[in-house]
Amino acid sequence: MPDKICKPRCPDLILCKCSIFISPLTTLLIILVLLGCLGQTLGSFHQYQNETFTHRSNSFFFHGGSEGLFASRSYDANVDNLTSEDNPVNGKSFIRFESITFRRTKESAESKNEMQQRTGLVEAIIVDVRDRHKIGGTYLGSNVICCNSNLSREGSCKVGEVIIQEDPDELNGPKRIQTFFEGQSEDAKMDLRTVEINRTGMYYLYFMFCDPELKGLLVSGTTLWRNPEGYLPGKMAPLMTFYGFMSLAYLVLGLFWFIQFVKHLKDVIQLHFHITAVIALGMCEMALWYYEFTNFNVTGTRPFGITIWSVTFSAVKKTVSRLLILTVSMGYGVVRPTLGSITPKILLLGVVYFVASEALELFEHLGNVNDFSGKARLLLVLPVALLDTCFILWIFSSLSKTLEKLQSRRSVVKLELYRKFTNCLAVSVLLSIAWIGYELYYNANDPLGELWRSAWIIPAFWILLAYLLLVVVCILWAPSSNPTRYAYSDEAGDDLEEESVLVTSSGVKMGGTDINTKLERKERKPSVVPEHHVFGLGGEDMMEDKRA
């Protein structure tokens, strides 16, 4: 198809609308569509229910789906069309048309001759994105998609058909499947057809017609897309392996944390239970996603219950992880025993983030799956991004205040702990900003999904970054026999004693005198301190008072 028809930034091969007006009504419609999707989890089954066609140039079309497909492992050049009854599906990559029905208007049907066999043509066009220039042509300086009488006289196409610039030497070029209406019939059913894919690429399916009298045509039915290894779409297939790897990674982290937790059970603090909850949620999340993807790959459908649980665990884990980082940054359990009056605000932010994250996950994982996501997703991405920004600003603002408190108390051990934590967070934020920039560059330079084989890396990065940050928190706040190094202390003086104990345990001496001796002397001092010492008056001040 000529590039003039499709702008470089246009996400669709034929319908090139490069801008969209987002209004509150649009947002409401997206939410309604999202709620409507809750009743179906079709996976690689692309279902159409009385879908309408869009007019473009001199043609009418409906986008039937797009996925990255790998080439079949075994290829027989003499076999183009396969059926499930005649051939096994193992190792095959294909698009199958099942129960596709076209319905034209009653007026259009009655205008035809009842004795005529072919009174309307609808074509299914399967095209690799690399072959988009082969769809359509040029007539009198303008781009056309359907063949007209003038182009037909040149012998390059047939009147009423979509122009496909076929190459005799290229067997894997664009494919067309034609379906005709007969007589005055309002319905035309497409034969069960399976088209094998023998070249790896991003494939688009369009239902198209050129006859203006078919205006108002509706399409219903199902198409099934399959890769050689299963029904997972191309860009999702590597994620199944990744989720399996992350399940093992969380299991290893969970075992490490469980051993430390049980070993120092008497010394654990409240923060340790929160960290345990995040690890448990992460283990469940990765295991559920791995099971969901495995089932999807085998059956081609996504069980509603498993998908809902996977999405919910993912949203809960993201929310709890952010709340954990925020409460740790506020010094909970270290600088302050409770969060006090700020707790409702934290919970409110967590609830709002959970709702936004859940909506985004549901939109991405329920309903039809396309390897190319439309602009409607942007409406749900923006709230999550804004809430993440709120978390980041609040976290670093709280860290700044916590560090100031620790400096004022001269708690060297806790201060060093929080400095390490701050450095890790800063590195993760810088990596996140860099990765967001990469995502924007990636999407801007891949509007048609041609880089689908590496698209799985984008979501995998965020999952891996969250895991590494959790590992850092586990290392810094690991249960130990000396929890006072990060536990909350009522008095500032306790922090100094805590540091002395740590130094003493390592056998270090100060000024030639063992610190144990100093601590013993301190314990021998009377518990009642003279009042003038409370106001900071030393021994020299007392002597001066007596002389006066």
* Structure fact -> dist Leu347:CG -> Thr319:OG1 (nearest 0.5 Å) comes out at 11.5 Å
* Asked: Do other residues, nucleotides or ligands put more than 12 heavy atoms under 6.0 Å from Phe391 CZ?
  -> yes
* Structure fact -> Ile342 and Met330 have their tightest heavy-atom pair at CD1-CE, 3.9 Å
* Looking only at atom types and distance, does a side-chain atom of Asp128 sit under 3.5 Å from a main-chain N or O of Arg199, one as donor and one as acceptor? -> no
* To do: Report the C-alpha separation of His46 and Glu67 in whole Å, then their side-chain angles, then the decisive distance to 0.1 Å, and conclude whether the side chain to side chain donor-acceptor pair (under 3.5 Å) test is met.
  => CA-CA 11 Å; His46 294 251; Glu67 286 188 18; 2.8 Å; yes
* To do: Taking Thr402 for its side chain and Ser329 for its backbone only, find out whether a donor-acceptor pair lies under 3.5 Å.
  => yes
* Is there side-chain contact between Trp289 and Leu239, with at least one heavy-atom pair below 4.5 Å? -> no
* **From CA spacing to verdict: ring-ring contact (aromatic ring centres under 6.0 Å, His included), Phe261, Phe273** => CA-CA 9 Å; Phe261 194 92; Phe273 290 97; 5.4 Å; yes
* Are any of the side-chain heavy atoms of Ser321 and Leu470 separated by less than 4.5 Å? -> no
* List the steps and the verdict of side chain to side chain contact (heavy atoms under 4.5 Å, CB included) for Leu399 and Phe421. => CA-CA 9 Å; Leu399 273 176; Phe421 180 62; 3.9 Å; yes
* Rounded to the nearest 0.5 Å, what's the gap from CE on Met286 to NZ on Lys317? Could you check? => 5.5 Å
* Parallel, tilted or perpendicular for Tyr231 and Phe45, by the 30°/60° rule? -> parallel
* Asked: Sub-3.5 Å donor-acceptor pair from the side chain of Ser428 to the main-chain atoms of Leu425, do we have one?
  -> yes
* Asked: Would you call the rings of Phe242 and Trp456 parallel, tilted or perpendicular, where under 30° means parallel and over 60° means perpendicular?
  -> tilted
* To do: Go through the steps for Cys474 and Ile279 under the test side chain to side chain contact (heavy atoms under 4.5 Å, CB included), then give the verdict.
  => CA-CA 9 Å; Cys474 290; Ile279 296 175; 3.7 Å; yes
* Asked: If only atom types and distance count, is the side chain of Tyr291 paired as donor or acceptor with the main-chain N or O of Ile306 below 3.5 Å?
  -> no
* Asked: When rounded to the nearest 0.5 angstrom, what is the spacing between CD1 in Ile275 and CD in Gln270?
  -> 11.0 Å
* Asked: Which word best sums up how the rings of Trp452 and Phe70 line up, parallel for under 30°, tilted for 30 to 60°, or perpendicular for over 60°?
  -> perpendicular
* Count the heavy atoms of every other residue, nucleotide or ligand shown that sit under 6.0 Å from CZ of Phe396, and state whether that count exceeds 12. => yes
* **Stepwise side chain to side chain contact (heavy atoms under 4.5 Å, CB included) check, Arg419 with Leu403** => CA-CA 8 Å; Arg419 280 178 177 170; Leu403 290 172; 4.2 Å; yes
* **Polar side-chain atom of Ser400 near backbone of Ser397 as donor-acceptor pair, under 3.5 Å** => no
* Asked: Any side-chain heavy-atom pair from Met240 and Thr294 closer than 4.5 angstrom?
  -> yes
* Structure fact -> Gly68 and Met202 have their tightest heavy-atom pair at N-SD, 3.8 Å
* Supply the atom-to-atom distance Leu362 CG to Thr307 OG1, rounded to the nearest 0.5 angstrom. => 9.5 Å
* CA sep, side-chain torsions, deciding dist, call: Trp462, Glu439, side chain to side chain donor-acceptor pair (under 3.5 Å) -> CA-CA 12 Å; Trp462 297 111; Glu439 282 191 46; 2.8 Å; yes
* **Leu265 to Val268 - nearest heavy-atom pair and separation** => O-CG2, 3.2 Å
* Asked: Any side-chain heavy atom of Leu465 sitting closer than 4.5 Å to one from Ser432?
  -> yes
* Who passes salt bridge (charged side-chain N to carboxylate O under 4.0 Å, His left out) against Glu51, sequence neighbours left out? -> none
* CE/Met236 to CG/Asn227 distance, rounded to the nearest 0.5 angstrom? -> 11.5 Å
* Exam field: side chain Tyr467 to backbone Ala249, donor-acceptor pair closer than 3.5 Å -> yes
* From Leu288 CG over to Ser314 OG, what is the distance, rounded to the nearest 0.5 angstrom? -> 10.0 Å
* Close side-chain approach of Phe354 and Val316, heavy atoms under 4.5 Å -> yes
* Run through Arg96, Arg226, Glu98 and flag the one making a side chain to side chain donor-acceptor pair (under 3.5 Å) with Thr194. => Arg96
* Are any side-chain N or O atoms of Gln260 and backbone N or O atoms of Pro479, one a donor and one an acceptor, separated by less than 3.5 Å? -> yes
* Is the Trp435 ring parallel, tilted or perpendicular to the Phe461 ring (thresholds 30°, 60°)? -> parallel
* Closest approach of Gly64 to Thr223 (non-hydrogen atoms, all atoms of both residues) -> O-OG1, 4.3 Å
* Structure fact -> Here the pair of heavy atoms bringing Arg453 nearest to Thr200 is NH1-CG2, 3.9 Å
* Do Glu358 and Lys318 sit within salt-bridge range, that is, some charged N less than 4.0 Å from a carboxylate O? -> no
* When you measure from the side chain of Asp446 to the backbone N and O of Tyr442, does any donor-acceptor pair fall under 3.5 Å? -> no
* Just by distance, do the side chain of Thr327 and the backbone of Leu324 share a donor-acceptor pair under 3.5 Å? -> yes
* Whether Phe293 and Phe296 hold their rings parallel, tilted or perpendicular, with breakpoints at 30° and 60° -> perpendicular
* **Check: Arg322 side chain, Asp388 main-chain N or O, donor-acceptor pair, under 3.5 Å** => no
* To do: Could you tell me if the ring centre of Phe245 sits under 6.0 Å from that of Tyr290?
  => no
* Establish, yes or no, whether a centroid distance under 6.0 Å links the rings of Trp477 and His272. => no
* 4.5 Å side-chain heavy-atom contact, Leu349 and Trp394 -> yes
* To do: Check the pair Ile95 / Leu69 against side chain to side chain contact (heavy atoms under 4.5 Å, CB included), numbers first and verdict last.
  => CA-CA 9 Å; Ile95 300 175; Leu69 296 175; 3.9 Å; yes
* Closest heavy-atom pair and its distance - Glu196, Ser72 -> OE2-OG, 3.0 Å
